[in-house]
Structure formats: C-alpha cells, structure tokens
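As structure tokens, the structure follows; a few thoughts come after it.
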Amino acid sequence: LTWPDFGGPPFSRQRDGTLRDRRGVRVALFSGVRLALREVADQARWSGVVAIGIASCCSDPAWARACLQAFDLDGSRRLADVVSACEIHAGNKQEHVQAIVAASGCNIREVLFLDNEESHCRDVAALGAT
C-alpha cells in the first residue's frame, strides 16, 4: 500500500477492491498483498512464526489507520485485523521497524521489509533486515 496525497476518510470500498477517499482519489493495495496477508494470517505453518507489521511515516496517521480499517481482506476481515504491530507516525522507517521488532520480540535479521521507496528499504537493510 502506498499512501497517496489523499483527502482522507471516509473511504468507500469499490467493487475492484480499491478504496475511494472523500475526494474520490483511488487508493489501492499493491498486487499480491491480499493473497500474501491471507496466507500468513490463515495458514497454520505461519502461526506463531510470522507477524505482520505496518511502518508508515504518512502525514496523517489517523487517515492511514482509517484506510487500514477500510480495506477488505477477504469479506470478513479488514487489513487492520491481521496486523500485529503498527507504527504510523512521523519519523523514519528505521525507528518504525525497531519499534515493531521490540513489540514483536523478533530479531531484526528475521524481518522481511517491503516498501515502495527504495531508500527506505536501504535504510532498514542497514539495520540487518532483509
């Protein structure tokens, strides 16, 4: 998910799985996100082994949280329902990921970090994440 310069809530769900913000701006998940999150949340082999965290430095955390609550994962759950740790506030991705690591109790070397900005990936990789 990338946070566009959107108008914020309320978000309306669209038939294609995207959202529209109050200004009508389309907000979409990257391809494969729903499938990957359902796999991690639903498959017994990942239970207790993998945690899902959100790291965001978007300009309005309340809007981002509303967006996570609005995205439908599978008809009965929202994206926010499968997130174990959420760091949405000003700051950098290293700080966010370190807080998620502390909250989840994992080792930074066990973190798989995905981001739409390559510089964020490099910053977090410098901590030891993949």
Side-chain angles (χ1 to χ4, degrees):
L1 168 65
T2 182
W3 308 118
D5 180 24
F6 51 75
F11 294 99
S12 61
R13 291 181 198 92
Q14 305 299 300
R15 290 181 188 205
D16 66 357
T18 63
L19 302 176
R20 294 279 176 183
D21 72 3
R22 69 176 174 208
R23 294 187 314 199
V25 174
R26 183 177 183 265
V27 183
L29 295 173
F30 287 115
S31 175
V33 167
R34 278 187 184 86
L35 180 63
L37 293 178
R38 286 193 306 252
E39 167 77 18
V40 170
D42 296 342
Q43 297 300 315
R45 67 178 173 217
W46 304 120
S47 180
V49 179
V50 176
I52 298 168
I54 300 287
S56 177
C57 51
C58 74
S59 59
D60 195 320
W63 291 6
R65 290 181 193 286
C67 193
L68 291 173
Q69 287 291 340
F71 266 114
D72 183 64
L73 187 62
D74 60 11
S76 64
R77 292 178 293 183
R78 303 289 177 240
L79 184 58
D81 295 337
V82 298
V83 173
S84 301
C86 200
E87 292 292 322
I88 302 176
H89 53 79
N92 64 52
K93 294 294 176 102
Q94 286 185 332
E95 294 169 357
H96 292 110
V97 170
Q98 287 172 322
I100 290 169
V101 165
S104 68
C106 71
N107 183 300
I108 188 68
R109 298 203 181 284
E110 299 172 313
V111 172
L112 173 61
F113 179 77
L114 306 170
D115 199 280
N116 63 313
E117 293 188 33
E118 188 176 338
S119 63
H120 292 166
C121 293
R122 282 193 304 271
D123 290 346
V124 174
L127 296 173
T130 298

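At distances below 3.5 Å, not a single donor-acceptor pair connects side-chain atoms of Arg65 with backbone N or O atoms of Ala80. Checked by atom type and distance alone, the side chain of Arg34 never pairs as donor or acceptor with a backbone atom of Asp74 at under 3.5 Å. The backbone N or O of Gly7 lies less than 3.5 Å from a partner atom in the side chain of Asp21, making a donor-acceptor pair. Of the possible polar contacts, none joining the His89 side chain to the His96 backbone as a donor-acceptor pair under 3.5 Å is found.
Looking at every heavy atom in both residues, Phe113 comes nearest to His120 through CE2-O, 3.7 Å. Scanning both residues, Gln14 and Ser12, for their nearest heavy atoms gives NE2-OG, 3.1 Å. Scanning both residues, Gly91 and Cys57, for their nearest heavy atoms gives O-CB, 3.3 Å. The two residues Arg26 and Thr18 have their closest heavy-atom pair at NH2-CG2, 3.1 Å. Considering every non-hydrogen atom in both Phe11 and Ala70, the closest pair reads CB-CB, 3.8 Å. Taking every heavy atom of both residues into account, Gln69 and Arg78 meet most closely at O-CD, 2.9 Å.
Taken from CG in Asp60 to SG in Cys67, the straight-line distance is 11.5 Å, to the nearest 0.5 Å. In this structure, the separation between CG on Leu68 and CG on Leu73 is 11.5 Å, given to the nearest 0.5 Å.
No continuous path of ILVMFWY side-chain contacts below 4.5 Å connects Leu37 to Leu114, so the two sit in separate hydrophobic clusters. Val40 and Phe71 fall within a single hydrophobic cluster, where Ile, Leu, Val, Met, Phe, Trp and Tyr side chains are chained together by heavy-atom contacts under 4.5 Å. Note on Ile54: it does not cluster hydrophobically with Leu127, by side-chain heavy-atom contacts below 4.5 Å among ILVMFWY residues. Hydrophobic clustering of Ile, Leu, Val, Met, Phe, Trp and Tyr side chains at less than 4.5 Å, counting indirect connections, keeps Ile100 apart from Ile52. Hydrophobic clustering (ILVMFWY, side-chain heavy atoms < 4.5 Å, transitive): Val27 and Val83 are in one cluster.
For Glu118, the salt bridge (charged side-chain N to carboxylate O under 4.0 Å, His left out) partners are Arg122, not counting sequence neighbours. Scanning for side chain to side chain donor-acceptor pair (under 3.5 Å) contacts around Asp42 gives Arg77, with sequence neighbours left out.
Taking 4.0 Å as the cut-off between side-chain N and carboxylate O, Lys93 and Glu87 do not count as a salt-bridged pair.
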Exercise. Does the pair Leu79 and Leu29 meet the rule for a side-chain contact (heavy atoms from CB on, under 4.5 Å), with working shown?
Worked result: CA-CA 10 Å; Leu79 184 58; Leu29 295 173; 4.0 Å; yes
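Counting only heavy atoms from C-beta outward, the side chains of Ile108 and Val97 approach each other to under 4.5 Å. Taking the side chain as every heavy atom from C-beta outward, Val111 and Ser104 never approach each other to under 4.5 Å.
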